[in-house]
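Letters go in sequence order (proteins before strands), and every chain restarts at 1.
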Number of protein chains: 4
Amino acid sequence: MASRGVNKVILVGNLGNDPEIRYMPSGGAVANITIATSESWRDKATGEQREKTEWHRVALFGKLAEVAGEYLRKGSQVYIEGQLQTRKWQDQSGQDRYTTEVVVQGFNGVMQMLGGRQGGGQGAPMGGQQQQQGNWGQPQQPAAAPKQNFAPQQQQQAAPQQQAPQQPQQQYNEPPMDFDDDIPF
Amino acid sequence: MASRGVNKVILVGNLGNDPEIRYMPSGGAVANITIATSESWRDKATGEQREKTEWHRVALFGKLAEVAGEYLRKGSQVYIEGQLQTRKWQDQSGQDRYTTEVVVQGFNGVMQMLGGRQGGGQGAPMGGQQQQQGNWGQPQQPAAAPKQNFAPQQQQQAAPQQQAPQQPQQQYNEPPMDFDDDIPF
Amino acid sequence: MASRGVNKVILVGNLGNDPEIRYMPSGGAVANITIATSESWRDKATGEQREKTEWHRVALFGKLAEVAGEYLRKGSQVYIEGQLQTRKWQDQSGQDRYTTEVVVQGFNGVMQMLGGRQGGGQGAPMGGQQQQQGNWGQPQQPAAAPKQNFAPQQQQQAAPQQQAPQQPQQQYNEPPMDFDDDIPF
Amino acid sequence: MASRGVNKVILVGNLGNDPEIRYMPSGGAVANITIATSESWRDKATGEQREKTEWHRVALFGKLAEVAGEYLRKGSQVYIEGQLQTRKWQDQSGQDRYTTEVVVQGFNGVMQMLGGRQGGGQGAPMGGQQQQQGNWGQPQQPAAAPKQNFAPQQQQQAAPQQQAPQQPQQQYNEPPMDFDDDIPF
DNA sequence: TTTT
DNA sequence: TTTT
């Protein structure tokens, strides 16, 4: 609750994919999203326009995770305020690996959908579309397998994630998920 | 120069070690520091006070790197404003690895020393002490081997880091360095 | 150029009106916009939903002012990063008054249009519409009287605003503009 | 509780005076402080070094106000995170006036003392000194007239400030206070 | 004055 | 993978 120092990340960018929603044993939701930010500049040497995209791994917890799961979609533009967190995990060979994420949680976390009518009131169901005005989806049913448990696979240390809510960060142990492509983490 | 989105990190914390300064082939300085931020809370289950420290890897470039090298020391408190950047490297076994850092560079980067008279005027030499009022050192000579070259080891692709200054991020290739203590990366 | 301390404001909100563009004697552009942010909550006493809107006075300078004048319109959603600045002026009775603004200028200033295709490429002229997809206008001609001079009225102290560009803030002297309604400043 | 938009201010600077603490009818504490941030640059025309100081009016509420009253002193360096708020009041002649402040309150508000051991543990009493290592005072008794009531003067509209805690901003009515020196408001 |  |  108290903190020594400041650990704050602010992002505005677009989702590279639909959010992935999971539920912790406690029932709390976790949403994982990836957000792109980019910079462009003119290369002084070649004179050509160049662009570099940075991909950010973001984890939202609790109510914000649910909102993300319901309203955000691939391409959605979003404002995120969270904190940096590096978590340790073991790869297949048992070697320590570290993954840094932006954790959006509790009172310090902010998630604001940008750029459109706020998913509000217009009633019309989404019908499978992927993108729409303001570029987020309609409220979505938790879909597929709701409340599926968080499944720590090779690491069997259940206790630690049974964390009481007063912890500053509800941690979770899992290897970084599989991504189907060359996302650099 | 132009950017699409916002990628901003703000940290206030203390250095876990003295800065490590290097120089790129271009002569530009790079300072690597690690900054601790922490949170404490009362564990509702056990009733005891708990604390969690997060370590942040920060890379400063150019003038700010020089200032960091001269004035910051282990324990120094600092305000940092930079951006998140994940860079790819290969470990000993040739496997891809990713490291996320806070890059402080150019016009968007800010580094402010906190907690003391600003390295200014009081004249008295430091005499080897590690920490002092305001907890940063006196201006330090680049020491040891100044202007030592940045040494990309297994990767021999010099050209890319010959980047013109107009690039948003001067990149550099190196495995994460060794730390002599329990900083988890 | 150097700074002691941090002075940063971050806003995401919608414009209450079209930007007002002026030009300083130097030819530099200044755009004044007002941005709304709001909070809503359930009143515990009455049980009803309540909302409070905060209006922010923002001044953009230079290139960002030009971009604002061209692309932003009443209702546009925008991300702003600037600094707080309070300037002193005299009201009709000669009494000192102070107005606080968010100044967006130079390398520390950021303005990002949110929520739509970035004014780019689709070619179709705007045809007098006030709002469109993504809610900003097409590039607009400086309209009316371009390059009209900044006209300090009752205060005739031209020299101070002849400021060299290396000043951290190009100041300008003018009474707060007339607003046609109850904007609270 | 919910918010549309982002309204965030981040300051790092030094207090121009000791905090002024008051108590609202509800018993909640309010601390008013002024924080200086400054920028310096070399005047290109004259070649001389110049400096400009910006003064920020900050109001802290609740627990943070109490901490501010106990530990902060004139000269203390502090990190502040709050939101911009402009409040209306009437001057002696009944004219509407507006004052913009940085409000630090609730879950979004942050106040971090910088630059010293955190009031903790070193035991040695302060002995009336005003400033010390790390530049903040020892815990201070609320002094003088604790729990003195907030005194709305010309405005007698008690009810509105009887606000339930779920309101985003506990407002208070008062003219800006007198400062004994050259702080420009 | 915006927006939802 | 996004977006312009």
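Looking at A/Asn17, its side chain comes within 3.5 Å of the base of F/dT1 through a donor and an acceptor atom.
One can place CG of C/Leu11 at 21 Å from P of E/dT1, the figure rounded to the nearest angstrom. A/Met113 has its CE atom 13 Å from the C1' atom of E/dT3, to the nearest Å. In this structure, A/Glu54 places its CD atom 14 Å from C1' of F/dT1, rounding to the nearest Å. If you take CG of A/Leu72 and P of F/dT1, they are 20 Å apart, rounded to a whole angstrom. The distance between atom NZ of A/Lys52 and atom P of F/dT2, rounded to the nearest whole Å, is 18 Å. Straight-line distance from the CD atom of C/Glu51 to the C1' atom of E/dT3: 8 Å, rounded to whole Å. The separation between C/Glu20 atom CD and E/dT2 atom P is 15 Å, rounded to whole Å.
In this structure, of F/dT1, E/dT2, E/dT3, it is E/dT2 that holds the atom nearest to the side chain of C/Ala36. With distances taken from any side-chain atom of A/Trp55 to the nucleotides F/dT3, E/dT3, F/dT1, the minimum falls on F/dT1. The side chain of C/Ser38 approaches E/dT3 more closely than any other nucleotide in the set F/dT2, E/dT1, E/dT3. If you check F/dT1, E/dT1, E/dT3 against the side chain of A/Lys74, the one that comes closest is F/dT1. The side chain of A/Thr53 sits closest to F/dT2 out of E/dT2, F/dT2, F/dT3.
Residues A/Arg50 and A/Glu48 are not paired through a salt bridge, judged by the lack of any N-O separation under 4.0 Å between the basic side chain and the carboxylate.
A heavy-atom distance below 4.5 Å is not found between the side chains of A/Val78 and A/Val58. Between C/Arg97 and D/Arg97, some side-chain heavy-atom pair lies under the 4.5 Å cut-off.
Between C/Tyr79 and A/Tyr79, the ring planes are tilted. Angles from 30° to 60° get that label.
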